[in-house]
Peer 1: 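I have a structure I would like to understand better, so I am pasting it below and will then ask my questions one at a time.
Small disclaimer: the values here were computed from a predicted structure and weren't measured. Along the sequence shown, residues are numbered consecutively beginning with 1. Every heavy atom of this structure was used, including side-chain atoms; hydrogens, water molecules and symmetry mates were not.
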Amino acid sequence: MKVVHQDQIYGLPLGDCHEIAPTMDDQRKRNTLKKLFHKESTKMDLHKDPVPNAPADGDSALMMGVELSTSTSLSNAASSASQLFHQSESSQAFQEACEIAEQLFGIVKDVSEATELLSPLKSASALMMRGIQAVRAVHNNSTSWVDLCNDLLPHVSQMEEWKGQLEKKGVIVSRGCLAVLNQYLNIAAEIIKTAAEYGAKRANFLGLLRRAGTVQTEKEEIARLRQKATNMWQAFIAAMNMDVFHGVDQIQAQLAMPGALAATLTRSIGVSVSRTAYGTKLDICEEGTRAEVLMEIRTWATSVATDGQIFWLKGAGGTGKSTIAATMTREWSQQGTLAGRFFFSPNNVAERTTDNFCLTIAEDIAVNQPILNGTVRQAIISTPLDHFSFDQQFDRLVIRPLLAYPYMHSLYIVIDALDNCEDLDQRERLLETLMRFLPSAKQVKILLTSRPLQDITAMVNGCPLVDSGHAELLDSQDKAHKDIEIYVERKLGNHPMVSAEQRHMIVEQSGGLFLYAATICRLLKDLRRPTLLRAVTFSGSPQGLAQRMDELYLSILKQVCVDNTLDESFMEVLSTIIMAFQPLSINTISEYLPGNEYVAHTVQSLGAVLKTDGPDHSIKVLHPTFREFLLSDKERATGFLVNPVESHVKLAYGCIGVLEDLLCCNVIQIDPKLQSTPLNATIPDLGSRLAQYISPAAEYASVFWTHHLEASDPDDSRLLWSRVLRFLSEMLLNWVELMSWKGEVVRCIDGLSRLHTKAKQISSESLDILSHDDMLTIRQAHQFVVYHQDVISESALQVYSVALFFTP
């Protein structure tokens, strides 16, 4: 483990730790650490403006509250209003005094009940207990005011920053986002003023007693203001979300935001923007195409029949299922009837499983149906995913909130490409859960798309919840040909290199397969050498759908690799794109492959099968069949077969290299003058600091380097394991610090668990790769983070001090 010198340690003096460490069991250690955190957190002041002392006179205190509400910085005002309650009451001492008094009078009351002679004492004790409870209720309201102000602080601080950026650049934000932002800040000012007024009125004990008579009214006022702020924040999110369909990149360009601000916006407005699971970047149907299928879905959606809550759209890969799903998603969103969606995809490891399915749907419900936002948020808080099974998650996060919907019309959930969920058991569990819970929520309807795989077909066919009129694409090739003809004409009608005869040939060759036509159209738009047009496009297609796409993919790849000297570099880039656990950008891949000069060239040359909007934007594999082709076998992917094991080894090296170049103590450069070990939650600009100091390559590497190592072959990774052990010995604490700043200590533990499991597998196979000391290093690294996860999660820099001192 890396040696941390005393002058590098952030934290308590050594003496403080040694005094309590020797006689403490595990649970007491954890409790003591939490107390130490509380003690340390009270030292920190992140605000430049000093907090004014609470005036002794109530009226002057009230005037101070008004001054706070009109402050030029609402974030400072929120902090100051919160401090009023801290100054008027000592929380811990107050609670302890109330508990002692309640216990004392409780004992007196119990004794007095033994005889009627003591009945006056009984009445007096009951009265005193009610008084204590009333005063405690006032105190609890104070805590609620503090929580409300503290919850408001990061939102207000960020929105003030956004407002300043937008007004400075004179940008008009689409769909009135700036107007909603201003409304939110006005509500924040109202909350801060009200909090300051209540805080000032209890600046002394007499004021505290006066408030006891109105405690319920005050409690209701706090709840009202919190709900008001929540609704307006949600309105801002909803306003931003309406523009998601035009692309997050267009939004950022429109606002002309600096990189750090744009990154913070993406984090703040919810997973609807940041997750490709919502299908926001998928194309929709060209006008006039798929009219009959879309009409079938619309008819089912508006039907008042109580059965048939699931519409199953099935078809072979490339027939346009996801495009239809994206079209209906947009339509229902614009109508205000979309509940949630999940687009399974092999491009991202999180979208290949149902692990985050329920949470993703729930987050989307909160955005699409603001009236359910509070219900959904409460459900998310009370439903940690690791404590509940999938069906319980679906019930608590999706069904119960939707049952609270107050209107009568239907709400729609879109589940696209279920066949891309790699785990058959998870697919089965998802379908079973839908069939179990949907009957209890009659107004919820689900559009489900997939290839007609055997396991899906067996469960869906004959199910009374599945609409009997469910559609199958390519069951009538004449209709598909007509749609493809419209599509090709729209895409290539003005192309100078493609004649009407050639466009007709494309339609015929497609065989009703939209994917084939779309890929050809993208290829022709991007084709730089006209002489290759006929060779690539009109070489005579085999009959089967898979064979037709295989031939097209081979033609595209051969077109790029006409120069054999590019083959190795080309395949290195292509393998990285295919084997990454989530989409990477050109610049990120360049960091992982520093010696490869053809990253940008490779991606740009494959515009027919890959999509990216720039060097800093993720590269998307446009259809799963291209990935399947590259990972198939030597006969199908002639000369272009991707070797998964070799690719994972290279990616593991690349990830570790990026982390080694970045990691250090205090990686996001928190000013130690503020406090030696600040709580993560007290860093107001944490998001922007992460965006400033942590590149996308480092962000990906910090999470997935262990995944790539786990997927490697031990015989091919002996040198890699030596690199890993050196990394753990020298940079474990730095890596854990970074994961804490990101709020991902749990993923850090998961990564070390994967590492430990892989190491045990190697050891059990008697491979001469890891020694006993190596195994001990890996196990102790895992145990260290598990043991101290609570502490490290709260304060990243504590990894170098308190947690380290208490390590056995």
Peer 1: Does L584 form a side chain to side chain contact (heavy atoms under 4.5 Å, CB included) with I619? I'd like the steps, not just the answer.
Peer 2: CA-CA 6 Å; L584 305 175; I619 302 164; 5.7 Å; no
Peer 1: Do the side chains of E710 and R754 get close enough for a salt bridge, i.e. N-O under 4.0 angstrom?
Peer 2: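 Between R754 and E710 there is a salt bridge, with a charged N closer than 4.0 Å to a carboxylate O.
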Peer 1: Is it true that T353 and D423 share a donor-acceptor pair across their side chains at a distance under 3.5 Å?
Peer 2: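 Note: D423 and T353 side chains miss the donor-acceptor criterion.
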Peer 1: Distance from I683 atom CD1 to L797 atom CG, nearest 0.5 Å?
Peer 2: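 One finds 8.0 Å between CD1 of I683 and CG of L797.
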Peer 1: Between L453 and L418, does the side chain to side chain contact (heavy atoms under 4.5 Å, CB included) criterion hold? Intermediate values first, please.
Peer 2: CA-CA 10 Å; L453 301 184; L418 178 59; over 6 Å; no
Peer 1: Just by distance, with hydrogens left out, do D355 and Q426 show a side-chain donor and acceptor under 3.5 Å apart?
Peer 2: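 A donor-acceptor contact under 3.5 Å links the two side chains.
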Peer 1: Please answer whether the main-chain N or O of S382 pairs with a side-chain N or O of R396 as donor and acceptor at a distance below 3.5 Å.
Peer 2: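 Yes; judged by distance alone, with no hydrogens or angles, the pair exists.
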Peer 1: Are Y800 and E737 close enough that a side-chain donor and a side-chain acceptor fall under 3.5 Å?
Peer 2: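 The criterion, which ignores hydrogens and geometry beyond distance, is satisfied for E737 and Y800.
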Peer 1: Between H708 and H648, is there a side-chain donor-acceptor contact under 3.5 Å, judged purely by atom types and distance?
Peer 2: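 A pair is found: one side chain offers a donor N or O, the other an acceptor, under 3.5 Å apart.
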Peer 1: Taking all non-hydrogen atoms of both residues, which atom of S345 and which atom of R352 are closest, and how far apart?
Peer 2: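 Scanning both residues completely, I find the closest heavy atoms to be O-CG, 3.4 Å.
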Peer 1: Does any non-hydrogen side-chain atom of L690 lie less than 4.5 Å from one of K742?
Peer 2: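 The answer is yes; the side chains approach within 4.5 Å.
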Peer 1: Any Lys/Arg nitrogen of D395 or R400 sitting under 4.0 Å from an Asp/Glu carboxylate oxygen of the other?
Peer 2: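 The answer is yes: the pair qualifies as a salt bridge.
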Peer 1: Taking R627 as the fixed residue, which of L630, L631, T625 is the one that meets the side-chain contact (heavy atoms from CB on, under 4.5 Å) rule?
Peer 2: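 Per the side-chain contact (heavy atoms from CB on, under 4.5 Å) rule, the option paired with R627 is L631, out of L630, L631, T625.
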Peer 1: Find out whether L359 and T383 are in side-chain contact, i.e. whether some heavy atom of one side chain is under 4.5 Å from a heavy atom of the other.
Peer 2: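 Sidechains of T383 and L359: no contact.
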Peer 1: Side-chain contact, heavy-atom cut-off 4.5 Å: V703 with E744?
Peer 2: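 In short, these two side chains touch, coming nearer than 4.5 Å.
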Peer 1: What is the ring orientation for F581 with F704, classed by angle as parallel under 30°, tilted 30 to 60°, or perpendicular over 60°?
Peer 2: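 F581 and F704: parallel rings.
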Peer 1: Tell me whether R427 is salt-bridged to D455, with the criterion being a basic N under 4.0 Å from an acidic carboxylate O.
Peer 2: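 Yes, R427 and D455 are salt-bridged.
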Peer 1: May I ask you to decide if H617's main-chain N or O and T612's side chain share a donor-acceptor pair within less than 3.5 Å?
Peer 2: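 Present.
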Peer 1: So, S450 and K321: side-chain donor and acceptor under 3.5 Å apart, yes or no?
Peer 2: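 Absent: no donor and acceptor within the cut-off.
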Peer 1: Does any part of the side chain of V642, heavy atoms only, come nearer than 4.5 Å to the side chain of S647, both counted from C-beta?
Peer 2: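 Side chain of S647 against side chain of V642, heavy atoms only: contact under 4.5 Å found.
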Peer 1: Side chain of S753, backbone of I749: donor and acceptor closer than 3.5 Å?
Peer 2: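 Checking the backbone N and O of I749 against the side chain of S753, no donor-acceptor pair under 3.5 Å is found.
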Peer 1: Any idea which heavy atoms bring G340 and I361 closest together, and the distance?
Peer 2: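 Result for this residue pair: C-CD1, 4.0 Å.
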Peer 1: Could you tell me whether a side-chain N or O of N666 sits under 3.5 Å from a main-chain N or O of I670, the two making a donor and an acceptor?
Peer 2: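 Looks like yes, one N/O pair under 3.5 Å.
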Peer 1: Looking only at heavy atoms, what is the nearest atom pair of P346 and P624, with distance?
Peer 2: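 Heavy atoms of P346 and P624 come nearest at CG-CB, 3.8 Å.
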Peer 1: Does S632 use its side chain to pair, donor to acceptor, with the backbone of F629 at less than 3.5 Å?
Peer 2: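 The answer is yes, because a donor-acceptor pair under 3.5 Å joins these two groups.
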Peer 1: With side chain to side chain contact (heavy atoms under 4.5 Å, CB included) as the test, would you mind laying out the steps for N347 and K620 before giving the verdict?
Peer 2: CA-CA 7 Å; N347 285 334; K620 178 185 176 184; 3.5 Å; yes
Peer 1: Let me confirm one number: the CD1-OG1 distance from I577 to T588, rounded to the nearest 0.5 Å.
Peer 2: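 It is 11.5 Å, given to the nearest 0.5 Å.
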Peer 1: Is D416 close to F344 at the side-chain level, that is, under 4.5 Å between some pair of heavy atoms?
Peer 2: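 F344 does not reach D416 side chain to side chain.
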Peer 1: Roughly how far apart are F357 CZ and L430 CG, rounded to 0.5 Å?
Peer 2: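 It is 5.0 Å, given to the nearest 0.5 Å.
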Peer 1: Taking R636 first and then E628, would you say they form a salt bridge - that is, a charged N and a carboxylate O separated by under 4.0 Å?
Peer 2: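 Between E628 and R636 there is no salt bridge, as every charged N stays at least 4.0 Å from the carboxylate O atoms.
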Peer 1: Would you please classify the geometry between the F640 ring and the F570 ring as parallel, tilted or perpendicular, with 30° and 60° separating the classes?
Peer 2: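 Taking F640 first and then F570, their aromatic rings stand perpendicular (interplane angle over 60°).
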Peer 1: Taking all heavy atoms of R689 and all of Q669, pick out the closest pair and write down the distance.
Peer 2: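 Scanning both residues, the minimum pair turns out to be NH1-O, 2.8 Å.
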Peer 1: Between W735 and L663 (side chain of the first, backbone of the second, donor and acceptor by atom type, cut-off under 3.5 Å), is there such a pair?
Peer 2: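 Absent.
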Peer 1: Between S795 and I792 (side chain of the first, backbone of the second, donor and acceptor by atom type, cut-off under 3.5 Å), is there such a pair?
Peer 2: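 No; judged by distance alone, with no hydrogens or angles, the pair does not exist.
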Peer 1: Go through the side-chain N and O atoms of T777 and D774 and say whether any donor and acceptor fall under 3.5 Å apart.
Peer 2: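 Looking only at side-chain atoms, D774 and T777 do not form any donor-acceptor pair under 3.5 Å.
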Peer 1: What distance separates N643 CG from K650 NZ, expressed to the nearest 0.5 Å?
Peer 2: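 N643 CG to K650 NZ: 9.0 Å, rounded to 0.5 Å.
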Peer 1: Centroid separation under 6.0 Å, is that true for the rings of W705 and Y700?
Peer 2: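 Centroid distance Y700-W705: not below 6.0 Å, so no.
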Peer 1: I need the minimum non-hydrogen distance between A759 and I778, along with the two atoms involved.
Peer 2: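 Distance-wise, the nearest heavy atoms are CB-CD1, 3.8 Å.
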Peer 1: C421 and T354: which non-hydrogen atoms are nearest, and at how many Å?
Peer 2: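 The pair with the smallest heavy-atom distance is SG-CG2, 4.0 Å.
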Peer 1: One thing to verify: whether R429 and D391 come together as a salt bridge, which I'm taking to mean a side-chain N less than 4.0 angstrom from a carboxylate O.
Peer 2: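 No, D391 and R429 are not salt-bridged.
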Peer 1: Decide yes or no for L755 and L709: does some side-chain heavy atom of the first lie under 4.5 Å from some side-chain heavy atom of the second?
Peer 2: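 Result yes, sub-4.5 Å side-chain heavy-atom pair found.
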Peer 1: For the residue pair S618 and S585, establish whether any side-chain heavy-atom pair is separated by less than 4.5 Å.
Peer 2: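 A side-chain contact under 4.5 Å is absent here.
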Peer 1: Under 3.5 Å, is there a donor-acceptor pair between the N596 and S590 side chains?
Peer 2: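 No - no donor-acceptor pair under 3.5 Å links their side chains.
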Peer 1: Measuring from S695:OG to D616:CG, what's the distance to the nearest 0.5 Å?
Peer 2: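 That separation rounds to 10.5 Å.
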Peer 1: Could you measure the distance from the CD1 atom of I668 to the CG atom of L686? Nearest 0.5 Å is fine.
Peer 2: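 Result: 5.0 Å between the selected atoms.
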Peer 1: Does the side chain to side chain contact (heavy atoms under 4.5 Å, CB included) test come out yes or no for V414 and F343, once each step is laid out?
Peer 2: CA-CA 8 Å; V414 178; F343 284 67; 4.3 Å; yes
Peer 1: State, without any angle test, whether S389 and Q392 hold a side-chain donor-acceptor pair at a distance under 3.5 Å.
Peer 2: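 Yes, because at least one side-chain N or O of S389 sits under 3.5 Å from a partner of the opposite role on Q392.
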Peer 1: Any sub-3.5 Å donor-acceptor pair from Q582's side-chain atoms to N348's backbone N or O?
Peer 2: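 Looks like no, no N/O pair under 3.5 Å.
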Peer 1: When you measure from the side chain of S575 to the backbone N and O of E572, does any donor-acceptor pair fall under 3.5 Å?
Peer 2: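 No: the side chain of S575 does not pair with the backbone of E572.
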Peer 1: Do N734 and V667 have side chains that get closer than 4.5 Å, going by heavy atoms?
Peer 2: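 No, side chains not in contact.
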